[in-house]
Amino acid sequence: MKKDLLRHSPYPVTLQCCCQSADEVPEFAGLLNLLSDYGFYGIELNLPDLKALSPSDLKSLLEPRGLKLTYIATGAYAKAHDLSLSSPDPMVRRRSIEGCKENIRYAAEFGAGVIIGFLKNSDPSTDRNSAAEWLEESLSQIDQFAAAYQVPLLLEATNRYESCVANSLDDTAQIKNQVNGSMISILPDTYHMNIEEARPFDALYRYQDSIRNIHLSDNNRFFPGLGCIAFESYLKELNTLHYQGTLGIEGILKYSMAKDLELSALYLSRILTPQYMMI
């Protein structure tokens, strides 16, 4: 294994990962060892059960390895508890708001943020305008709560086949602006942008002031470098925009976690250099 591949990246690089239960903690600790060895900055963490790994236990795993928790990702939590902030059912929306608040409390222990991706979800067949109104109503309540804890909220743009709401960056920014929330940013994901954006770099330029994290995921949903998206072009564009945020690897596995991490880290280490990004 080549160590410290990403240690000197101009952008902090994280991995979105999951710890399903207390039984998975030893395996999770092994993953953290790999991330530390490769020079990752930290993790975005999906916790279907927030009690499976307490904040103090998570800190005891991250701190000795020099890793940070940057964001709590709520997708696995939303699926486990059948939540949707834009559901037609007001009871589901109410439960979803309370679930998001629990994730905010957890994130606040680390000075981290909360990602609202699948949690925003409405079935693609739901009326778009109605779903947007319900989502805006939910986010207004959540934003006030997040402000009290000073926890950033990242509303992720996800493609039309997964949700009927907040698909493109334009859609997502419009919802953000309607809510007028002090804690809300928009989260681009290269996999979803590959579907929704005709000119992805123009979209990044338009909303550069509202972006603090970007998900890197290839066109086939594998880790960057395992598909055909030219991430070199994305990184050069970010360099042009003087981007100051984080990069989060997100995706499904092609071979295994160890192999995919190695291949992706090698690929990113080659293109995440100031000299390369200026070409």
Side-chain angles (χ1 to χ4, degrees), residues 4-16 35-36 38-45 62 66-73 104 107-108 110-117 143 146-147 149-157 166 168-170 172-173 175-177 179-193 197 199-217 223-225 229-251 264-265 267-279:
D4 291 335
L5 288 168
L6 300 173
R7 190 79 63 192
H8 303 294
S9 164
Y11 307 111
V13 181
T14 67
L15 176 75
Q16 185 170 128
L35 297 178
S36 179
Y38 282 128
F40 277 75
Y41 178 79
I43 61 169
E44 300 174 2
L45 183 59
L62 293 175
L67 297 170
K68 305 289 186 183
L69 175 70
T70 55
Y71 296 99
I72 288 289
I104 288 169
F110 296 85
V114 168
I115 295 172
I116 299 174
D143 179 77
Y149 284 87
Q150 285 300 291
V151 169
L153 303 173
L154 272 61
L155 181 62
E156 185 172 13
S168 68
L169 295 195
D170 285 341
T172 310
I175 289 171
K176 172 190 180 302
N177 293 337
V179 175
N180 195 26
S182 62
M183 304 307 295
I184 301 174
S185 301
I186 63 177
L187 174 58
D189 180 305
T190 54
Y191 167 79
H192 298 294
M193 291 180 75
E197 307 294 344
R199 295 178 175 84
F201 300 154
D202 289 350
L204 290 175
Y205 177 82
R206 282 196 300 277
Y207 301 114
Q208 59 183 296
D209 293 338
S210 298
I211 298 170
R212 57 189 300 157
N213 185 38
I214 298 174
H215 277 169
L216 303 184
S217 185
F223 289 1
I229 290 180
F231 287 96
E232 299 91 331
S233 299
Y234 271 96
L235 295 173
K236 290 173 185 176
E237 181 68 17
L238 295 181
N239 184 58
T240 300
L241 297 176
H242 304 290
Y243 178 65
Q244 299 294 312
T246 52
L247 302 176
I249 295 176
E250 183 188 16
S264 192
Y267 169 69
L268 290 174
S269 70
R270 180 173 61 85
I271 64 176
L272 275 170
T273 60
Q275 297 90 342
Y276 191 93
M277 290 163 60
M278 292 297 291
I279 295 174

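When atom types are taken as modelled, the side chain of Q16 and the backbone of G248 share no donor-acceptor pair closer than 3.5 angstrom. With T240 contributing its side chain and K236 its backbone, the two residues share a donor-acceptor pair below 3.5 Å. No donor-acceptor pair under 3.5 Å is formed between the side chain of S210 and the backbone N or O of S185. A distance-only check finds a donor-acceptor pair linking the side chain of Y243 to the backbone of T246 [under 3.5 Å].
Residues L268 and L6 come closest through the heavy atom pair CB-CD2, 4.0 Å. Across every non-hydrogen atom of S168 and A157, the tightest pair is O-CB, 3.8 Å. Considering every non-hydrogen atom in both A203 and E197, the closest pair reads CB-OE1, 3.7 Å. Closest approach of Y207 and A173 over heavy atoms only: CE2-CB, 3.4 Å. The minimum heavy-atom distance linking Q150 with M183 is given by the pair C-CE, 3.7 Å. A pairwise comparison of heavy atoms in V114 and A107 identifies CG2-CB, 3.8 Å as the closest pair.
The OH atom of Y38 sits 12.5 Å away from the CZ atom of R7 when rounded to the nearest 0.5 Å. Rounded to the nearest 0.5 angstrom, T190 OG1 and I229 CD1 are separated by 4.5 Å. Atoms OG1 and NE2, from T14 and H215 in turn, are 6.5 Å apart once rounded to the nearest 0.5 Å. From S264, atom OG reaches atom CZ of F231 across 8.0 Å, with rounding to the nearest 0.5 Å. How far CG of L153 is from OG of S182: 8.5 Å, rounded to the nearest 0.5 Å. Note that CD of E44 is 8.5 Å distant from CG of L154, once rounded to the nearest 0.5 Å.
Looking at I116 and I184, their side chains never come closer than 4.5 Å, going by heavy atoms from C-beta outward. Counting heavy atoms from C-beta outward, L169 and L204 have side chains that approach closer than 4.5 Å. Annotation: side chain of P10 is in contact with side chain of L272 (closest heavy-atom distance under 4.5 Å). Counting heavy atoms from C-beta outward, Y11 and N239 have side chains that approach closer than 4.5 Å. P224 has its side chain within reach of I249: a pair of non-hydrogen atoms, C-beta onward, lies under 4.5 Å apart. Using a 4.5 Å heavy-atom cutoff, the side chains of H192 and E156 are in contact. Proximity of R206 to D170: side-chain heavy atoms (C-beta onward) are separated by under 4.5 Å at one or more points.
Scanning for ring-ring contact (aromatic ring centres under 6.0 Å, His included) contacts around Y234 gives F201, with sequence neighbours left out. With sequence neighbours left out, the side chain to side chain donor-acceptor pair (under 3.5 Å) criterion links Y41 to no other residue.
For the side-chain contact (heavy atoms from CB on, under 4.5 Å) test with N213, the passing option among D189, L247, L187 is L187; the others fail.
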